Every structure is written in structure tokens, then in C-alpha cells.
Amino acid sequence: MEKFSFLLIYLFDFQKFSENKLIFALEFILARRLFRFVNFAMIYFDNNATTQIAPEVIRAMQPFLTEFYGNPSSAYSFGREVRNAIETSREQVADLLGASDAAEIVFTSGGTESDNWAIFGTLEANPSKKHIVTTRVEHEAVRCVCEKLERNNFEITWLDVDEKGFLDTEELKNSLRKDTAIVSVMLANNETGILFPVAEIAEIVKEHSAALFHVDGVNAVGKIPVDLERTQIDLFSVSGHKFHAPKGIGALYIKNGVSLPSIKIGGGQENGRRAGTEAAHQIVGLGAAADLVKDFSAMERVAALKDKLENEILDKIPNSHLNGTNDPNFRLPNTAYISFENLNGEVILAKLNDAGVCVSTGSACNSKTHTASAVLQAMNIPYSQAMGAIRFSLARFNTETEVNFLLEILPKIIEDLKKMSL
Ligand SMILES: Cc1ncc(COP(=O)(O)O)c(C=O)c1O
């Protein structure tokens with residue numbers, strides 16, 4: 001029933017398309033067919049987990065799946081055209097990240113590979129250094145690596161965060177040692193959206209140690225501007241599927257002068273840093289997505305939608321709490337992580353799913369463990385709130401109609417669940 005009402009709201013919105021009755025009727029018929037065909041009655045508010053590939057990105061990729069299939073390492077022009085497209089993408093990604101030189105961008109399979117490579121590679125390059133500094137709220141792609149290293153006799157300093165999710169930079173400074181190989185800190189937390197002051201942290205790390213500084217930028221890129229050239233960050237991870245490129249493509253920024261052993265050896269691709277024939281179509285997609293998001297104009301609209309969603313939920317639903325801060329200077333513009341006290345987030349998620357709305361209880365990678373999010377635990381959020389947390393993460397394809405629909409159904413869902421729990 002709720003799904004049906006969403007359809008009506010959505011179809012109603014099509015009136016905006018055309019004042020002409022005949023054209024509107026045709027649009028209406030087409031829209032109904034489309035809905036049936038692609039199960040379009042779904043609202044996607046889980047864009048920190050992954051995003052829809054943008055049509056511009058698909059268009060840019062298509063020729064590299066069909067006519068331009070040459071090997072980019074081949075010497076003839078059919079291969080060189082693909083090589084040129086790869087190098088253009090490298091420049092587009094460098095431009096998005098504010099890197100001074102496109103050669104600082106190495107394409108990888110995504111955020112996990114980039115994070116793993118940054119840490120394992122640094123340790124391989126510095127075998128006498130056995131200390132790593134990271135935080136308790138990192139994504140598993142960093143956290144699980146550090147846990148494994150800890151089991152293998154490396155020493156990890158796990159930095160705490162406060163109840164809003166902020167780091168104490170003084171504590172970070174005091175944790176640095178002569179044998180610190182790497183400091184790894186995320187730019188934007190994938191659950192709360194909290195931003196860590198990575199440019200300032202880079203200065204602290206460089207002033208007080210000889211460690212490399214790695215930033216997991218996976219959930220920040222495309223949502224907030226990044227200017228790596230102006231920072232002392234050595235390594236920076238990127239994942240394409242978080243900003244409308246396909247899955248399975250990402251990059252690691254390696255600042256000029258930083259020596260990181262190759263992650264794969266073989267044919268010498270990627271300047272000898274990551275061997276293997278390049279996934280040209282994916283790389284072209286990443287470049288096109290970088291180009292698409294780089295002016296951040298869509299993010300202003302996304303931020304306004306997120307504000308509406310967040311303010312009205314907090315206003316309308318008793319005992320709902322925002323996790324993190326409401327200061328826009330220290331958070332992502334698209335993320336609202338809200339706890340509904342004494343309720344179970346997984347049940348809320350299931351109810352929203354029945355109504356055609358996709359949200360998350362936190363990191364998508366956590367969803368199998370059925371425990372309160374490690375991030376909320378690190379923030380000391382009471383269990384009664386941590387278990388009822390829902391993350392709404394928006395992107396450029398979300399509409400006000402979708403936000404209105406959510407605001408219409410959510411209070412009722414929460415009220416019903418509260419009655420049931422009583
Ligand atoms: C902060 C952060 N780091 C790393 C990753 C892993 O990226 P990928 O899915 O591209 O491997 C994610 C994915 O959710 C993330 O949010």
C-alpha cells in the first residue's frame with residue numbers, strides 16, 4: 001500500500017514535466033511502463049554504501065566496452081587511443097583531488113585495495129618500524145588490516161573519539177613515536193559523516209615524526225572539495241562507486257617522492273606500481289565521474305534535502321537523536337545518522353524496505369554482524385540509541401518528492417514500532 005502511495009506521489013510529480021495534456025498523458029503511460037519494467041518504486045537513501053552510475057559516466061564508458069578494445073600497452077594507434085583515454089582519466093581524477101601531478105594517481109580496484117596497499121606497502125618499505133596510529137572509527141578496510149597486524153606483533157595506537165565522533169589531535173600528537181611507520185585516518189566517516197581535520201593532522205604528523213600519513217578519503221571524495229597539493233598527506237584512497245562511477249575501480253594517490261612498493265608485479269603497468277592490463281572502461285568511468293562531481297553544485301541541493309529530512313525527523317519524531325554534530329563545517333553534506341531510542345534499527349530498516357525505501361543501519365559491511373555499530377560504540381552512544389540507528393545518505397539523484405514520502409511514512413512506522421515494543 002505504502003509502495004503504491006509512493007508511486008502516486010512520484011507520478012504526480014510528472015505533472016511538472018509538461019503542461020500540455022496530450023504530452024502529459026504520453027509521459028504518464030511511459031512512466032507507468034517504466035515503473036513496472038524496472039521496479040522504479042524504490043527510493044535510494046543509502047548513497048554512502050554505493051551510488052547509481054551517472055548516465056554521463058555510462059556514455060563515456062560505452063565505447064571502451066565496444067569499439068575501443070585495444071590493449072593500452074600496444075604500440076599501434078588502436079592501443080594508443082585507449083592509453084590516451086586512461087591518461088585523460090588520470091588527469092580528471094588528479095584534478096578532482098587537487099593533486100599537483102597526474103602521475104601521483106594510481107588506479108586500483110577500489111577503496112579496500114587502496115587502503116590495504118597504503119598500510120601494507122608502507123610497512124614493507126619500512127621493515128624496522130612496528131608502530132601504527134589509527135582511530136577506533138575507521139572503515140573495516142583499515143580497521144581489519146590493523147587488527148591483523150596487531151595479532152602479528154605490530155603495535156597499534158587506537159585513537160578514541162568523543163561522543164560527537166571527534167578526534168583529539170593532542171592525543172594523536174602524543175601517540176607519535178620514532179618507530180611509527182604510518183598514521184591512517186579517514187577524512188569523512190562513512191556512518192556519521194564526521195570530518196577529521198586531515199590537513200592539520202598531516203602537519204602534526206610531519207612535524208613530530210617520520211611516519212607516512214594515509215587518509216581514507218573514500219566517503220568524502222565527490223561530496224566535499226579536496227585539495228591534496230596544499231597538504232602534507234602522503235597517501236589518499238579513493239573509490240569510484242561512491243561518486244557515480246562503477247564498482248571495482250578506485251585510486252590511490254601517492255605523493256611524489258613517497259616510495260611505496262608495487263602492489264602487483266608483472267607487466268609494469270601503472271608506472272610499475274600495479275601490474276596487469278588496465279580496466280580501461282572502468283578507468284574512463286572513474287574519470288568521467290570525477291569530471292561530473294568536481295563543481296559540487298549538486299551537493300548544495302543534496303545538503304538542502306538532507307537538512308529538510310533531518311530537521312523534520314528530529315522535529316516530528318519524539319526521542320530521535322542525531323549522531324555526530326549538526327555543525328555543517330564538520331560533517332558531510334549528504335549524511336544524517338539518526339537514532340530512534342529503544343527501537344531496533346534492523347526492524348526499522350525492514351519496514352522502510354517494505355515501503356520501497358533503502359537505508360542502512362550503519363556501514364553496509366556491518367550489516368551481517370547484528371551488533372551496534374563499532375563507530376557508535378566508540379562514541380559511547382548508549383546501547384538504547386546505538387541499536388536504533390539509521391543512516392540516511394543522499395546523492396544527486398534524490399528528489400524532494402522522495403524526501404517528502406519518507407517524512408510521510410517514517411513517523412507512522414516509528415509510532416507503530418513503539419506501540420509494539422510497549
Ligand atoms: C570510508 C570507507 N573506506 C573504504 C571503503 C571500501 O571501499 P570499496 O567498497 O571501494 O572497497 C568504504 C566503503 O564503504 C568506506 O566507506
Side-chain angles (χ1 to χ4, degrees), residues 44-53 57 93 96-97 105-120 134-148 159 161 165 167 182-196 198 201 214-224 226 233 235-253 263 274 279 282-283 285-286 289-290 293 323-324 331-335 337 358-369 373-376 378-379 389 391-395:
Y44 189 72
F45 285 146
D46 198 16
N47 290 280
N48 285 7
T50 196
T51 55
Q52 182 185 336
I53 307 180
V57 171
V93 174
L96 178 66
L97 301 184
I105 307 299
V106 183
F107 295 115
T108 65
S109 66
T112 300
E113 181 183 324
S114 299
D115 286 347
N116 279 220
W117 183 17
I119 300 174
F120 286 128
T134 190
T135 81
R136 291 202 186 276
V137 294
E138 296 302 308
H139 185 270
E140 285 87 338
V142 167
R143 182 150 37 93
C144 295
V145 169
C146 292
E147 284 168 359
K148 178 176 175 164
L159 298 170
V161 293
L167 268 185
I182 185 165
V183 177
S184 181
V185 165
M186 68 206 318
L187 170 50
N189 188 279
N190 43 304
E191 292 183 36
T192 58
I194 293 293
L195 305 177
F196 286 152
V198 291
I201 294 173
H214 166 244
V215 173
D216 176 348
V218 167
N219 242 307
V221 172
K223 296 174 186 136
I224 54 167
V226 175
I233 293 167
L235 302 158
F236 188 94
S237 302
V238 177
S239 174
H241 72 101
K242 306 290 184 180
F243 59 98
H244 308 292
K247 295 164 186 63
I249 185 70
L252 182 64
Y253 159 90
I263 187 161
R274 186 178 186 268
Q282 305 277 75
I283 293 172
L286 183 68
V293 299
N323 294 306
R331 63 186 293 203
L332 287 177
N334 76 318
T335 308
Y337 196 21
C358 305
V359 294
S360 158
T361 51
S363 160
C365 319
N366 262 345
S367 58
K368 289 193 188 78
T369 60
S373 124
V375 173
L376 294 182
M379 289 161 65
R391 179 186 69 185
F392 305 89
S393 50
L394 281 61

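For ligands, and for the atoms within them, numbers begin at 1 and follow the listed sequence. What you see below is based on every heavy atom in this structure, not just the backbone, and it leaves out hydrogens, waters and symmetry mates. This structure is a prediction, so every number in the text was calculated from the model and none was measured.
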Numbering as shown, the atoms of ligand 1 that approach [X] to under 4.0 Å (heavy-atom distance):
X      : result
Gly110 : 10 (O)
Asn219 : 15 (C), 16 (O)
Asp115 : 3 (N), 4 (C)
Ser239 : 8 (P), 10 (O)
Met186 : 1 (C)

Looking at [Y], is its backbone amide N or carbonyl O close enough to the side chain of [X] to form a donor-acceptor pair, meaning the two atoms are under 3.5 Å apart?
X      : Y      : result
Tyr44  : Thr50  : yes
Glu191 : Asn323 : no
Arg143 : Glu138 : yes

Could you give the distance from SG (Cys358) to CZ (Phe392), rounded to the nearest 0.5 Å?
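Answer for the SG-CZ pair, Cys358 versus Phe392, is 12.0 Å.
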
Which heavy atom of Met186 sits nearest to which heavy atom of Val137, and what is that distance?
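Where Met186 meets Val137 most closely, the heavy atoms are SD-O, 3.2 Å.
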
Check side chain to side chain donor-acceptor pair (under 3.5 Å) between Asp216 and all other residues, then give those that pass, not counting sequence neighbours.
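In terms of side chain to side chain donor-acceptor pair (under 3.5 Å), with neighbours along the sequence ignored, Asp216 is linked to no residue.
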
Quick one: side chain to side chain donor-acceptor pair (under 3.5 Å) partners of Ser114, sequence neighbours excluded?
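Partners of Ser114 under the side chain to side chain donor-acceptor pair (under 3.5 Å) test: Thr108.
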
Is it the case that Thr335 and Asn48 place a side-chain donor and acceptor less than 3.5 Å from each other?
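Distance-only check passes for Thr335 and Asn48.
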
Ligand 1 contact on Thr112 by region, counting heavy-atom pairs under 4.0 Å:
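Under 4.0 Å from ligand 1, Thr112 contributes backbone and side-chain atoms.
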
Pick one of side chain, backbone, both or neither for how Glu113 approaches ligand 1, counting any non-hydrogen atom pair under 4.0 Å.
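Near ligand 1, Glu113 shows nothing, with every heavy atom at 4.0 Å or more.
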
Taking the minimum heavy-atom distance to atom 3 (N) of ligand 1, which of Thr108, Asp216, Thr50 ranks first?
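Residue with the shortest heavy-atom distance to the ligand atom: Asp216.
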
Of the choices Ser114, Gly240, Gly111, Gly248, which has the non-hydrogen atom that lies closest to atom 7 (O) of ligand 1?
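Comparing heavy atoms across Ser114, Gly240, Gly111, Gly248, the nearest one to atom 7 (O) of ligand 1 lies in Gly111.
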
Does ligand 1 have an atom under 4.0 Å from some heavy atom of Lys242?
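Flag set, Lys242 near ligand 1.
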
Lys247 near ligand 1 by a heavy-atom separation under 4.0 Å
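In this structure, Lys247 fails to qualify as a contact of ligand 1 - no heavy atom is under 4.0 Å.
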
